[in-house]
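So the structure is just underneath, and the comments pick up after that.
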Amino acid sequence: MRRSQLFLPTLKETPAEAQIVSHRLMMRAGMVRQTSAGIYAWLPMGFRVLKKIEQIVREEQDRSGAQEVLMPTIQPADLWRQSGRYDDYGKEMLRIKDRHDRDMLFGPTNEEMITEIFKAYVKSYRDLPKNLYHIQWKFRDEVRPRFGVMRGREFLMKDAYSFDLDYPSSRHAYNKMFVAYLKTFARMGLKAIPMQADTGPIGGDLSHEFIILADTGESQVFCHKDYVDFDVSGQPIDFDDVAGVQKVVERWTSLYAATDEKHDTAAFEKIPAEKRVTARGIEVGHIFHFGTKYSEPLGAKVTGPNGDIVTVLMGSYGIGVSRLVGGLIEASHDEAGIIWPEAVSPWGVGVVNLKVGDGECDKVSGDLYAKLGNAGREPLYDDRDERAGSKLADMDLIGLPWQVIVGPRGLKSGVVEVKNRRTGEKQELSPEAALNRLTA
RNA sequence: CGGGGCGUAGCUCAGCCUGGUAGAGCGCUUGCUUCGGGAGCAAGAGGCCGGAGGUUCGAAUCCUCUCGCCCCGACCA
């Protein structure tokens, strides 16, 4: 993409309403535009990041055996009357009426709907287990939206729903999601720690929140320091290996980790003082096992192996996709701007032509841009006729992991500069060597 | 939903107390100079001062009502 063509309205000054760093940087980098309190339009750069995150989530869900569907944003109220949540959910649920005066709502979640779909088709234990997910916009009419996209009213969420015949199988479904989440967040370059959590209005007997540590996190969290060094990224996992998956879960639940609501001071103090971590955290995922809470009232039953009728056991598993955009920035930025982890960066490499109009600069920049593109590096080429300083500052602000800086001074001695955004480290290389460095 | 604050140019804000025909910086347009970390000079464009009532000869400014947004708290993916 050529910067001169791109709709990327960056700002030198920070809009007044943005308080926390991720919100400020998202506004300055021209990623989103607020249209009402807690509701945002996604501009090209923001949208690209959102899609990258969404795709990682999708791939890891698929890998764990879940299947993607797409349910509507608007739901009929009757469905929610059956589960009893139409009245329970309160004012957070946006209620609307259609032209026939029928009660509808903008879905805050989809347990009722997925259960209704499931029960319409699945009648036999032979069709179990199943895990269905979708990635869809939700609406919760928060009293006080804040922190930009991290706590909006409209938000993009991945929610998965598992259906099983008995507890061991249902527990395995929960464990699979647990492990898939660890891998999902690790791929994005995030350290997400599973913590015991409150089940809230969703209900259930087993639940973990996946929390990333960041100074501006919404809630106080407490955990054992060793979690910070745990790693899942390396080895592949066989999701059909029940014991193996269980082992990973056990490892990640062996030490103390809890959010404020579930915090047990006595247990925490048993940890050696130097291993206690008290920090702020951002919830980016939440998994629940809730048994028959929805399958019972909505009548999701199958015929078991002995001919008996069994109410299926369910779990639900959420990831805040749009929230992650803010969360990633909270976890990775500096004074100059955003620092995207490679996997979610809107473009892979920024090519900065410091002197547009100079024959040699134009030629080398254009050539690097074309070759990086052919190599699948998704380059962003700043070919605007702007001052060098403003282009460099802009490139730092939008945070692409790599920059190639092409200027007349370097070209005199046949070199361009390759800069790592995170470390700030710069290397002077010939254009060919730079290309190799960035496509290796 | 309680408490507080703010709505003036695309953005950051001044002007309001003490009413008198709308300001600055950044950004934008044009020209010249500059050109490796958010340039300089010059000339421009751009605002029913959130909206509605009221007071007044006259309202961005005073009064009333409304709408929107932000912050703290309670609540939440």
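These numbers were taken from a predicted model, which means no experiment stands behind them. The sequence lines fix the lettering, A, B, ..., with proteins before strands; numbering per chain opens at 1.
- Ion pairing between a basic and an acidic side chain is recognised when a charged N comes within 4.0 Å of a carboxylate O; A:Glu112 and A:Arg85 show such pairing.
- Nucleic acid contact for A:Pro9: none, since no nucleic acid atom lies under 4.0 Å from a heavy atom of the residue.
- Base pairing annotation: B:C6 forms a Watson-Crick or G-U wobble pair with B:G68, both donor-acceptor distances under 3.5 Å.
- The pair A:Glu342-A:Arg421 does not meet the salt-bridge criterion, since no charged nitrogen lies less than 4.0 angstrom from a carboxylate oxygen.
- A:Gln82 has its side chain out of reach of A:Pro297: every pair of non-hydrogen atoms, C-beta onward, lies at least 4.5 Å apart.
- When heavy atoms are screened at a 4.0 angstrom cut-off, A:Gly407 is found touching base atoms of the nucleic acid.
- The aromatic rings of A:Phe210 and A:Phe178 stand perpendicular to each other, their planes meeting at an angle above 60°, with 30° marking the opposite boundary.
- Taking A:Asp62 as the reference, nothing meets the salt bridge (Lys or Arg N to Asp or Glu O under 4.0 Å) condition, with sequence neighbours excluded.
- As rounded to whole Å, 10 Å separates atom C1' of B:C35 from atom CG of A:Asp385.
- Applying the 4.0 Å criterion to OP1 and OP2 of B:C1, one finds that A:Lys91 has a side-chain N or O inside that range.
- Within the structure, every side-chain polar atom (N or O) of A:Arg387 is placed at least 4.0 Å from both OP1 and OP2 of B:C35.
- Regarding A:Phe147, its CZ atom lies at a distance of 15 Å from the P atom of B:C76, rounded to whole Å.
- Residue contacts for A:Gly285: at a heavy-atom cut-off of 4.0 Å it reaches no nucleic acid atom on any strand shown.
- Remark on RNA chain B: of its neighbouring residues A:Ser219 and A:Gly389, the 5'-side contact belongs to A:Gly389, judged by nearest-heavy-atom nucleotide.
- One finds no salt bridge joining A:Lys355 and A:Glu360 here, because no Lys/Arg side-chain nitrogen approaches an Asp/Glu carboxylate oxygen to under 4.0 Å.
- Contact annotation: A:Lys12 side-chain N/O to B:G27 OP1/OP2 distance is under 4.0 Å.
- A:Glu218 has a carboxylate O that lies under 4.0 Å from a charged side-chain N of A:Arg151, or vice versa, which qualifies the two as a salt bridge.
- Contacts with RNA chain B (heavy atom under 4.0 Å) in residues 411-429 of chain A: A:Glu417, A:Lys419, A:Lys426, listed by number.
- Across the C1' atoms, B:U21 and B:A60 are found 12 Å apart, a figure rounded to whole Å.
- What separates CD of A:Glu142 from C1' of B:C70 is a distance of 16 Å, to the nearest Å.
- Toward the 5' end of RNA chain B, the nearer of the two residues A:Lys391 and A:Phe155, judged by each one's closest nucleotide, is A:Lys391.
- Only the C1' atoms considered, B:A39 is 15 Å distant from B:G27, to the nearest whole Å.
- The P atoms of B:U8 and B:A14 are separated by 11 Å, rounded to the nearest whole Å.
- Here A:Ala393 lies in heavy-atom contact (under 4.0 Å) with a base.
- Residues forming a salt bridge (Lys or Arg N to Asp or Glu O under 4.0 Å) with A:Asp260 (at least two apart in sequence, or on another chain): none.
- Here the P atom of nucleotide B:G38 and the CD1 atom of A:Ile405 are 14 Å apart, to the nearest Å.
- A:Gly357 comes within 4.0 angstrom of no nucleic acid atom, judged by non-hydrogen atoms across all strands.
- The nearest whole Å value for the distance from the CG atom in A:Asp394 to the P atom in B:G27 is 12 Å.
- Of the options A:Val404, A:Val351, A:Val406, a side-chain contact (heavy atoms from CB on, under 4.5 Å) to A:Val364 is made by A:Val406 and by none of the others.
- Among residues two or more places apart in sequence or in another chain, the side-chain contact (heavy atoms from CB on, under 4.5 Å) test is passed with A:Ala279 by A:Leu213, A:Val221, A:Val277.
- The distance between atom OH of A:Tyr89 and atom C1' of B:C75, rounded to the nearest whole Å, is 12 Å.
- Base-pair partner of B:C62: B:G54 (Watson-Crick or G-U wobble, both distances under 3.5 Å).
- Separating the C1' atom of B:C6 from that of B:G53 is a span of 22 Å, rounded to the nearest Å.
- Here B:A39 sits opposite B:U33 as a Watson-Crick or G-U wobble pair (both hydrogen-bonding atom distances under 3.5 Å).
- Listed by residue number, A:Glu13, A:Thr14, A:Pro15, A:Ala16, A:Glu17, A:Gln19, A:Arg28, A:Gln34, A:Ser36, A:Ala37 are the residues of residues 13-46 of chain A with a heavy-atom contact under 4.0 Å to RNA chain B.
- Side-chain contact, A:Tyr174 with A:His208: a donor N or O sits under 3.5 Å from an acceptor N or O.
- Protein atom CG of A:Asp358 is 13 Å distant from nucleotide atom P of B:G36, rounded to whole Å.
- In a base pair of the Watson-Crick type (N1 to N3 plus N6-O4 or O6-N4) or a G-U wobble (N1-O2 and O6-N3), with each distance short of 3.5 Å, B:C28 is matched with B:G44.
- Atom P of B:C16 sits at a distance of 43 Å from the matching atom of B:U33, rounded to the whole Å.
- Remark: B:C1 base-pairs with B:G73. Criterion, Watson-Crick or G-U wobble with two distances under 3.5 Å.
- We find that CG of A:Asn353 is positioned 17 Å from P of B:C35, with the value rounded to whole Å.
- Partners of A:Met113 under the side-chain contact (heavy atoms from CB on, under 4.5 Å) rule, at least two apart in sequence or in another chain, are A:Met71, A:Pro72, A:Gln75, A:Pro76, A:Leu79, A:Asn110, A:Ile117.
- A gap of 45 Å separates the P atoms of B:A74 and B:G20, to the nearest Å.
- B:U34 sits 28 Å from B:A9 when the C1' atoms are compared, rounded to a whole Å.
- Here the separation of B:U64 from B:U18, taken at their P atoms, is 15 Å to the nearest Å.
- Within the cation-pi definition used here (under 6.0 Å to the ring centroid, within 45° of the axis), A:Arg81 qualifies as a partner of A:Tyr86.
- Note on A:Asp159: nothing from the nucleic acid sits closer than 4.0 angstrom, heavy atoms only.
- If you check distances only, the side chain of A:Arg144 never reaches the base of B:C75 with a donor-acceptor pair under 3.5 Å.
- When the nucleotides B:A74, B:C1, B:A39 are ranked by their closest atom to the side chain of A:Arg146, B:A74 comes out on top.
- For B:C75, the base has a donor-acceptor partner in the side chain of A:Arg151 [N/O atoms by modelled type, under 3.5 angstrom].
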